[in-house]
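Single-structure report; data block below.
Position 1 is the first residue of the sequence, and the numbers go up from there. Computed from heavy atoms alone, side chains included, the values below leave out hydrogens, waters and symmetry copies. On a predicted model such as this, the values are computed, not experimentally measured, just so you know. Counting convention: from 1, in listed order, for ligands and their atoms alike.
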Amino acid sequence: MPASLSGKWEMISNVNFDNYMIALGISASLRKIAAKLTLKKKIERQEDQFIVKTTSTFRNYTVTFKVGQEFNEFTKGLDNRHLKSLVRWEGNKLICEQTGEKKNRGWTHWIEDDKLHLELFCEGQVCKQVYKNVSKTR
Ligand code: VL7
């Protein structure tokens, strides 16, 4: 049984976030605020259905999807774009392709050393985030 993505997580590192946001076309003023945030994730899973909540003191973002089923995603409060998104498993990695105006856009989640890892990518930029587990029970 692979380690579960489910639970509550808190960001402990965030590399190249600014260039990822630049690739998304986020304004300098918004990037300045975003750069200071400690992001949290709450991931809930029921079989093939996932709910991923990203929260912060500034804004929150929730996405709900079923693995292998394309869905319409609106990145409300982020870059406010409409995407066709598709999440799949590749080994122990959960990979999302976000098709839209921006090329080569998506993210990958996996567990390594009890940490939640996330790569956010867009048009050649890769932001790497690591989260520690803050669930009350595992
Ligand atoms: C979501 C934000 C920057 C605009 C607000 C600051 C951040 C956080 O897509 C994401 O996660 C996936 C995988 O876990 C599930 O949705 C990343 C955060 C990236 C990009 C855009 C700055 C505005 C607020 C809610």
What atoms of ligand 1 come within less than 4.0 Å of a heavy atom belonging to [X]?
{"X": "Val63", "answer": "15 (C), 16 (O)"}
{"X": "Gly77", "answer": "23 (C)"}
{"X": "Met21", "answer": "3 (C)"}
{"X": "Val52", "answer": "14 (O), 15 (C)"}

What residue and atom, counting heavy atoms only, is the protein's closest point to [atom], and at what distance?
{"atom": "atom 6 (C) of ligand 1", "answer": "Ala34 CB, 3.6 Å"}
{"atom": "atom 13 (C) of ligand 1", "answer": "His109 NE2, 3.3 Å"}
{"atom": "atom 20 (C) of ligand 1", "answer": "Tyr20 CE2, 3.8 Å"}
{"atom": "atom 2 (C) of ligand 1", "answer": "Leu78 CD2, 3.8 Å"}
{"atom": "atom 19 (C) of ligand 1", "answer": "Phe17 CE1, 4.2 Å"}
{"atom": "atom 25 (C) of ligand 1", "answer": "Arg59 O, 3.4 Å"}
{"atom": "atom 4 (C) of ligand 1", "answer": "Ile26 CD1, 3.6 Å"}
{"atom": "atom 10 (C) of ligand 1", "answer": "Leu120 CD2, 3.8 Å"}

Rounded distance (nearest 0.5 Å) linking atom OG1 of Thr108 with atom CD of Glu119: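 Result: 6.0 Å between the selected atoms.
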
Tyr131 vs Thr38, side-chain contact (heavy atoms from CB on, under 4.5 Å): CA-CA, chis, key distance, verdict: CA-CA 10 Å; Tyr131 293 74; Thr38 299; over 6 Å; no

Lys41 to Trp9, cation-pi by 6.0 Å centre distance and 45° axis angle: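 Negative - Lys41 is either too far from the ring of Trp9 or too far off its axis.
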
Intermediate values then yes/no, side-chain contact (heavy atoms from CB on, under 4.5 Å), Trp110 and Asn92: CA-CA 6 Å; Trp110 71 97; Asn92 286 341; 5.5 Å; no

Residue pair Ala23 / Gln125: nearest heavy atoms and the distance that separates them: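 Where Ala23 meets Gln125 most closely, the heavy atoms are CB-CG, 4.1 Å.
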
Other residues, nucleotides, ligands: >12 heavy atoms within 6.0 Å of Glu47 CD: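 No, the 6.0 Å shell around CD holds no more than 12 heavy atoms from other groups.
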
Candidate pair Asn133 and Lys8, rule side chain to side chain donor-acceptor pair (under 3.5 Å), full reasoning: CA-CA 6 Å; Asn133 191 280; Lys8 292 182 175 184; over 6 Å; no

Sub-4.0 Å heavy-atom contact, Cys127 with ligand 1: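 Not so, Cys127 does not reach ligand 1.
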
Between Asn16 and Lys128, a side-chain donor and acceptor under 3.5 Å: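 Judged by distance alone, the side chains do not pair up.
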
Donor + acceptor pair across side chains of Asn104, Glu123 (<3.5 Å):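 Not at all, the side chains of Asn104 and Glu123 share no donor-acceptor pair under 3.5 Å.
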
Heteroatom distance test (Gln98, ligand 1): nitrogen or oxygen, under 3.5 angstrom: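 Between Gln98 and ligand 1, no N or O pair is found under 3.5 Å apart.
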
Given Thr75, Thr54, Val87, Val52, the one that forms side-chain contact (heavy atoms from CB on, under 4.5 Å) with Val63: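 Of Thr75, Thr54, Val87, Val52, side-chain contact (heavy atoms from CB on, under 4.5 Å) with Val63 is met by Val52 alone.
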
Location of contacts on Tyr61 toward ligand 1, heavy atoms closer than 4.0 Å: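 The answer is both, backbone and side chain.
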
